[in-house]
Student: 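Pasting a structure below so you can have a look.
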Amino acid sequence: MKNIVIFASGSGSNAENIIKYFRNDSRNRVVALFCNRPDAFVLERVKGLNTPAFLFNREDFVASRRVLERLEALKTDLIVLAGFLWKVPGNILEAFPGRVINIHPALLPAHGGKGMYGARVHEAVIAAGDRESGITIHRVNERYDEGEMIFQASCDVTPDDTPESLAEKIHALEQAYFPGVIKDFLAGL
Ligand code: GAR
C-alpha cells in the first residue's frame with residue numbers, strides 16, 4: 001500500500017476529490033490532510049471523509065522538523081499539493097526526492113511563480129489575451145512552479161470568459177484528471 005499525504009490550504013475541492021477517488025483503491029490510500037490555515041474550508045470537508053487532518057504553522061514547516069517527522073511517521077510515499085501556497089522547504093524535498101507534486105491552474109511555464117494562484121492566475125491569462133489555458137501537474141523543486149512537468153490538459157479561453165468562468169473550466173479539468181494522474185504517478189514509483 002502506498003501512502004499519500006495531501007497538503008491544502010483553501011477550499012479543498014481537489015483534496016476531497018482525491019480522497020474519494022482513492023477510497024476504493026487497493027494499492028494507494030490518502031493517510032492525512034496537512035493544512036496551514038485553521039480557517040480553511042478544506043478542514044470542514046475532511047471531517048466527513050474519515051481523513052485525519054494535521055494543522056501546522058510556518059515554524060512547524062520551515063524552522064523545525066515537526067512536519068517532516070509527521071510525514072515520516074505516516075510512512076508517506078507521495079506528497080500532493082492541492083491548492084497549497086507555501087514553498088516546500090529543502091529538508092522535506094530532500095526527504096522525498098521527486099515525490100512531491102503540485103497542481104497549477106494554468107499551462108506552465110506561462111502564468112506561474114510566486115504569488116500566482118487561484119483567481120490571480122485566471123486574471124493574468126485573460127489579460128494576456130491567451131486563447132487557451134489549462135492545468136499543469138508537475139514535480140516540485142525549490143523554485144515556484146518550475147519542477148519537471150508530469151501532465152497538462154487544456155481548455156479554450158473564449159472572448160466572453162471572465163476569471164470566474166475560466167476558473168470553472170479549470171476546476172472541471174482538475175476534477176477530471178488530477179486523481180488519475182496521481183494514480184499513474186504512484187504506479188511508477
Ligand atoms: C486549484 O485551482 C489549484 O490548481 C490552485 O488552487 C486551487 C485550489 O482549489 N493552485 C494554485 O494556484 C497553486 N499555485 P481547491 O482548494 O478547491 O482544491
Side-chain angles (χ1 to χ4, degrees), residues 4-19 30 32-46 53-62 67 78-90 92-93 96 99-157 161-179 181-182 185:
I4 305 163
V5 169
I6 301 173
F7 279 58
S9 51
S11 160
S13 63
N14 281 284
E16 178 170 353
N17 189 37
I18 296 163
I19 290 167
V30 176
L33 181 281
F34 281 38
C35 179
N36 61 308
R37 278 189 39 210
D39 59 342
F41 186 63
V42 66
L43 293 170
E44 289 302 314
R45 288 189 195 258
V46 298
F54 175 60
L55 191 61
F56 63 93
N57 61 29
R58 189 170 277 284
E59 199 206 321
D60 298 328
F61 196 41
V62 301
V67 170
L78 180 69
I79 297 170
V80 174
L81 310 186
F84 180 75
L85 307 180
W86 287 353
K87 197 185 264 192
V88 179
I92 293 180
L93 293 177
F96 299 94
R99 289 168 178 247
V100 185
I101 67 174
N102 177 49
I103 189 162
H104 185 77
L107 295 172
L108 292 174
H111 309 299
K114 188 170 165 53
M116 289 302 280
Y117 58 88
R120 289 194 200 175
V121 177
H122 309 312
E123 284 160 13
V125 168
I126 289 171
D130 292 359
R131 304 287 297 274
E132 63 169 9
S133 188
I135 58 172
T136 304
I137 298 166
H138 64 94
R139 283 195 157 107
V140 172
N141 66 15
E142 63 287 353
R143 289 179 302 279
Y144 278 106
D145 300 326
E146 287 187 24
E148 181 200 337
M149 232 178 263
I150 298 165
F151 176 86
Q152 286 189 313
S154 61
C155 61
D156 290 338
V157 182
D161 264 324
T162 62
E164 293 74 27
S165 67
L166 181 54
E168 277 175 32
K169 293 180 187 176
I170 298 296
H171 180 72
L173 291 176
E174 293 180 337
Q175 295 286 306
Y177 291 110
F178 200 10
V181 172
I182 294 168
F185 188 82

Student: To the nearest 0.5 Å, tell me how far R139 CZ sits from L93 CG.
Tutor: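 Separation between the atoms: 12.0 Å.
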
Student: Could you check whether any side-chain heavy atom of F178 comes within less than 4.5 Å of a side-chain heavy atom of N17, counting everything from C-beta outward?
Tutor: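 They are not in side-chain contact.
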
Student: Report yes if some heavy atom in the side chain of L81 is under 4.5 Å from a heavy atom in the side chain of V88; otherwise report no.
Tutor: yes

Student: Looking at every heavy atom in both G112 and M116, which two are closest together, and how far apart are they?
Tutor: O-CG, 3.4 Å

Student: Which pair of heavy atoms, one from H122 and one from P163, lies closest together, and at what distance?
Tutor: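 Scanning both residues completely, I find the closest heavy atoms to be CB-O, 3.9 Å.
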
Student: To the nearest 0.5 Å, tell me how far N14 CG sits from E174 CD.
Tutor: 4.5 Å

Student: At their closest point, which heavy atom of F96 faces which heavy atom of I79, and how far apart are they?
Tutor: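 Answer, listing the atom of F96 first, then I79: CD1-CD1, 3.8 Å.
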
Student: Do F7 and F56 have ring centres separated by under 6.0 Å?
Tutor: yes

Student: Looking at CG of L108 and CD of E146, how far apart are the two atoms once the value is rounded to the nearest 0.5 Å?
Tutor: 9.5 Å

Student: Working to the nearest 0.5 angstrom, can you tell me the gap between E168 CD and E164 CD?
Tutor: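 Between atom CD of E168 and atom CD of E164 there are 8.5 Å.
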
Student: What distance separates F54 CZ from D60 CG, expressed to the nearest 0.5 Å?
Tutor: 5.5 Å

Student: Looking only at heavy atoms, what is the nearest atom pair of H104 and H111, with distance?
Tutor: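 Nearest heavy atoms, H104 then H111: NE2-O, 2.7 Å.
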
Student: Does the K169 side chain pair with the main chain of D156, one donor and one acceptor, at a distance under 3.5 Å?
Tutor: yes

Student: Quick one: does I126's side chain get under 4.5 Å of S133's, heavy atoms only?
Tutor: no

Student: So, taking the atom named CD1 in I182 and the one named CD1 in I101, what distance separates them when rounded to the nearest 0.5 Å?
Tutor: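 With rounding to 0.5 Å, CD1 (I182) is 5.0 Å from CD1 (I101).
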
Student: If you look at every heavy atom in D161 and L166, which pair is closest and at what distance?
Tutor: OD1-N, 4.0 Å

Student: Determine the sole option in N102, V30, V100, I18 for which the side-chain contact (heavy atoms from CB on, under 4.5 Å) test with V80 is passed.
Tutor: I18

Student: Does one side chain, of R45 or S11, offer a donor that lies under 3.5 Å from an acceptor on the other?
Tutor: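 Yes, S11 and R45 have a side-chain donor paired with an acceptor closer than 3.5 Å.
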
Student: Is the closest side-chain heavy-atom distance between W86 and N36 below 4.5 Å?
Tutor: yes

Student: Take a 6.0 Å sphere around CZ of F151 and say whether it holds more than 12 heavy atoms from other residues, nucleotides or ligands.
Tutor: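 Yes, CZ of F151 has more than 12 neighbouring heavy atoms, counting only those of other groups under 6.0 Å.
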
Student: Considering all heavy atoms of both residues, which atom of L78 and which atom of R99 are nearest to each other, and what is their separation?
Tutor: CD1-O, 3.3 Å

Student: Find out whether E16 and F41 are in side-chain contact, i.e. whether some heavy atom of one side chain is under 4.5 Å from a heavy atom of the other.
Tutor: no

